[in-house]
There are 4 protein chains.
Amino acid sequence: MAAALDVFAAQGYRGSTVEQIARNAGMSKANVLYYFHTKDDIYAAVLSRTLHVWLEPLEQLEPDGDPIEQIWQYTRQKLQLSRDAPHASRLFANEILQGGNAVGPFLQSELKTLVDAKCQIIQDWIDQGRLAAVSPLHLLFLIWASTQHYADFQPQIHALHTGDENSLYQQAEHTLRLIITQGLKP
Amino acid sequence: MAAALDVFAAQGYRGSTVEQIARNAGMSKANVLYYFHTKDDIYAAVLSRTLHVWLEPLEQLEPDGDPIEQIWQYTRQKLQLSRDAPHASRLFANEILQGGNAVGPFLQSELKTLVDAKCQIIQDWIDQGRLAAVSPLHLLFLIWASTQHYADFQPQIHALHTGDENSLYQQAEHTLRLIITQGLKP
Amino acid sequence: MAAALDVFAAQGYRGSTVEQIARNAGMSKANVLYYFHTKDDIYAAVLSRTLHVWLEPLEQLEPDGDPIEQIWQYTRQKLQLSRDAPHASRLFANEILQGGNAVGPFLQSELKTLVDAKCQIIQDWIDQGRLAAVSPLHLLFLIWASTQHYADFQPQIHALHTGDENSLYQQAEHTLRLIITQGLKP
Amino acid sequence: MAAALDVFAAQGYRGSTVEQIARNAGMSKANVLYYFHTKDDIYAAVLSRTLHVWLEPLEQLEPDGDPIEQIWQYTRQKLQLSRDAPHASRLFANEILQGGNAVGPFLQSELKTLVDAKCQIIQDWIDQGRLAAVSPLHLLFLIWASTQHYADFQPQIHALHTGDENSLYQQAEHTLRLIITQGLKP
DNA sequence: AATGAATGAGTGTTCATTCAT
DNA sequence: CATGAATGAACACTCATTCAT
């Protein structure tokens, strides 16, 4: 339910009410609970749908091609996602910030497996001398953090940035590309 | 009140109860509200005390000395702060994520003034050819995001990183230094 | 509807839901309410059907024959009914316990008429010196109470009686016969 | 809480609302739940207080004295209790009727122990030829049923009995004494 | 005749806040 | 200063009933 994503992303699980979700969706509270039996169920459904969107770009990181270009493309996609689906990013941030109990199993199984595989690819690039000797995992952290930041900390960003959204993301892309492509050179 | 910081950082404003804060502080609920009249007041007090801790490192960014070294030292301090005061970081992240209404005025006045001043310093460095031509504001965003990430997304980080906290922060520092110092070279 | 009797007998009117009745009957909730417009209607229908089963044995109490034997046969039939139709007994007990609003009219008209007639028969037997000088109405109360008890208080009885159901009812019959036949001797 | 006993006795657990109990006690709903955290807790407290009242008369059944007189005195006390504390009787009846889940443990331990002991006393009397050869347990059932009936089935009794409450209980006592004292003669 | 969908009115429970002591 | 007691306003969830198909 898109309405639920809106609400959960804006206020977190505890701060959201079924009433808000229902009104947002143009239904009655009781009718929302007719489809999803509990508030937890709504949250779990929204979360699981969002998580897969979140993983997709990383899956496309492949060993072929230029390492720095690959990593930059991944970063760009994540930045784009922050712009296009900020709700999803905030939902995820809220969830993790408040303990991540609902995604704990996902993090430790699915995500861990995927991340381990991709870190191996990056490590291979490093071992081949095609990339600076960073820690692959922490490189991912840096990419995630610096791109999701634009979705998660939007109010702060809007308070400090003067100019429209287009210029904001152009500057973001420019700065990230410069630092990442230059910073990762072997 | 340190007890309130704990609670608000862990569960956000809406998720926290005065009862929890009181128990955490070893007082009665009524007594907490004797000092801070409302829950909002507790929150505002905790938030304002935390914000100043948050600004301090940035204030020390001075035009003298080597630009890249100065920026790296700032980044290092922020990373250290994430490790030493994760509660403060999470409190701030929760606040911004949920709209930032309570810090809106602060962001637009105090923080904006400080950030503008420091961006000017960085821009001067760039104009002098001593730093890569990044957008100063977005450089700050990258530094904030990539350091606070270690406090705000702790559950995710612990799920993906195998090893103790020391090695975690050593690798983080190593990776950040490499990318930032090399990425910012003119 | 037998399904409704099951549910109402087990949980009383307020404790039962139309959903439970429907599922128990293998229908949809909406379809149950297609036949019986409201929950009240279902209850009234079940109750009225049950009441007639409940009266039947008393109607067979006739002035002919041996008084004590007649009364014992009635008692035996009621005990048998408690065993064979405990649901009906519990439905009735629940209804009366919770005020008997739905059966009030029935009690004051149909039942009162029947009971008055039968009490007259018993009183005649007493006046003829063929029965101990009990109050006929209270004799009926004792018979009703002591037989329905086996249906209405089943959980208590099962907790205190060790042995199977056959032995339970044999002992019940034995004890009731002894006390009633000997106790009613003139 | 006397108010809770009133409400639970009249409508059973499911039929009662915390709101009713609160209004009946002259408090707010929230204040009732300040003392008893849940509806279940209120019910459990009321039930346990009532159960002990319920056991007391049986405890006084002693092996000394005339058996029939002892049993009659017990019956009389139970009848008196039905008159004086009908709420307690109805609370218990409602509980058992609806499965007795809340008193199950009590029935199987405390009550069973007490009943076993008292049944042994009665059995001894029978073995000594001082009492008719009834089943002691079922004698207790008959006494319980026929006395509690006056509390539990009050609406029915009032519909069938013409006359005031005094005459009602006089007739009840007369009839029960006659049948029990005569029926139990060896 | 049958059912999935929809909803208003409750119902138990939580919680920030007030008050008396 | 400190706290137990009290309460109105929410909130998640249930349920009898209605409606469209």
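Since this is a predicted model, take the numbers as computed values, not measurements. Lettering of chains follows the sequences in order, A, B, ..., and the numbering in each one begins at 1.
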Engineer: Can you name the closest pair of heavy atoms from D:L47 and D:A102 and give their distance?
Structural biologist: CD2-CB, 3.8 Å
Engineer: Side chain of C:S28, heavy atoms from C-beta onward: which of F:dT3, E:dT3, E:dA16 has the nearest atom to it?
Structural biologist: E:dT3
Engineer: Starting at CD of B:E19 and ending at C1' of F:dT3, how long is that distance when rounded to a whole Å?
Structural biologist: 12 Å
Engineer: Counting C-beta onward and ignoring hydrogens, is there a side-chain heavy-atom pair between A:D152 and B:F153 closer than 4.5 Å?
Structural biologist: yes
Engineer: Using heavy-atom distances to pick each residue's nearest nucleotide on DNA chain F, tell me which of A:G15 and A:A30 is more 5'.
Structural biologist: A:G15
Engineer: Can you name the closest pair of heavy atoms from A:L81 and A:V53 and give their distance?
Structural biologist: CD2-O, 4.0 Å
Engineer: Does a side-chain N or O of A:R14 approach OP1 or OP2 of F:dA10 to a distance below 4.0 Å, or not?
Structural biologist: no
Engineer: Do C:H37 and C:L33 have side-chain heavy atoms sitting under 4.5 Å apart?
Structural biologist: no
Engineer: In whole Å, what is the span from the CE atom of D:M1 to the P atom of F:dA5?
Structural biologist: 12 Å
Engineer: Between B:Q154 and B:R90, do the side chains contain an N or O donor and an N or O acceptor separated by less than 3.5 Å?
Structural biologist: yes
Engineer: Give the rounded distance in Å between these two atoms: CD of A:Q20 and C1' of F:dC13.
Structural biologist: 17 Å
Engineer: Toward the 5' end of DNA chain E, which comes first, D:V18 or B:T17, by nearest nucleotide?
Structural biologist: D:V18
Engineer: Report yes if the side chains of D:Y13 and D:K39 come closer than 4.5 Å at any heavy-atom pair, otherwise no.
Structural biologist: yes
Engineer: What I'd like to find out is whether the side chain of A:L107 reaches to under 4.5 Å of the side chain of A:I96, using heavy atoms alone.
Structural biologist: yes
Engineer: Convert the base pairs of DNA chain E into dot-bracket notation, remembering that pairs crossing earlier ones are written with [ ] and that bases paired across to another strand are shown as |; include only Watson-Crick or G-U pairs under 3.5 Å.
Structural biologist: .||||||||||||||||||||
Engineer: In residues 32-45 of chain B, which ones come under 4.0 Å of DNA chain E, going by heavy atoms?
Structural biologist: B:L33, B:T38, B:K39
Engineer: Among E:dA2, E:dA5, F:dC15, which nucleotide sits nearest the side chain of A:N31?
Structural biologist: E:dA5
Engineer: Indicate yes or no: at least one non-hydrogen side-chain atom of D:S89 is less than 4.5 angstrom from one of D:W54.
Structural biologist: yes
Engineer: Please determine, for the side chain of A:M27, which listed nucleotide (F:dC13, E:dT7, F:dA10) has the closest atom?
Structural biologist: E:dT7
Engineer: Of the candidate nucleotides F:dA12, E:dT11, F:dC11, which contains the atom at the shortest distance from the side chain of A:K29?
Structural biologist: F:dA12
Engineer: To the nearest angstrom, how far is B:I21 atom CD1 from E:dC15 atom P?
Structural biologist: 12 Å
Engineer: List the steps, then state whether side chain to side chain contact (heavy atoms under 4.5 Å, CB included) holds for B:L91 with B:H87.
Structural biologist: CA-CA 6 Å; B:L91 178 75; B:H87 288 335; over 6 Å; no
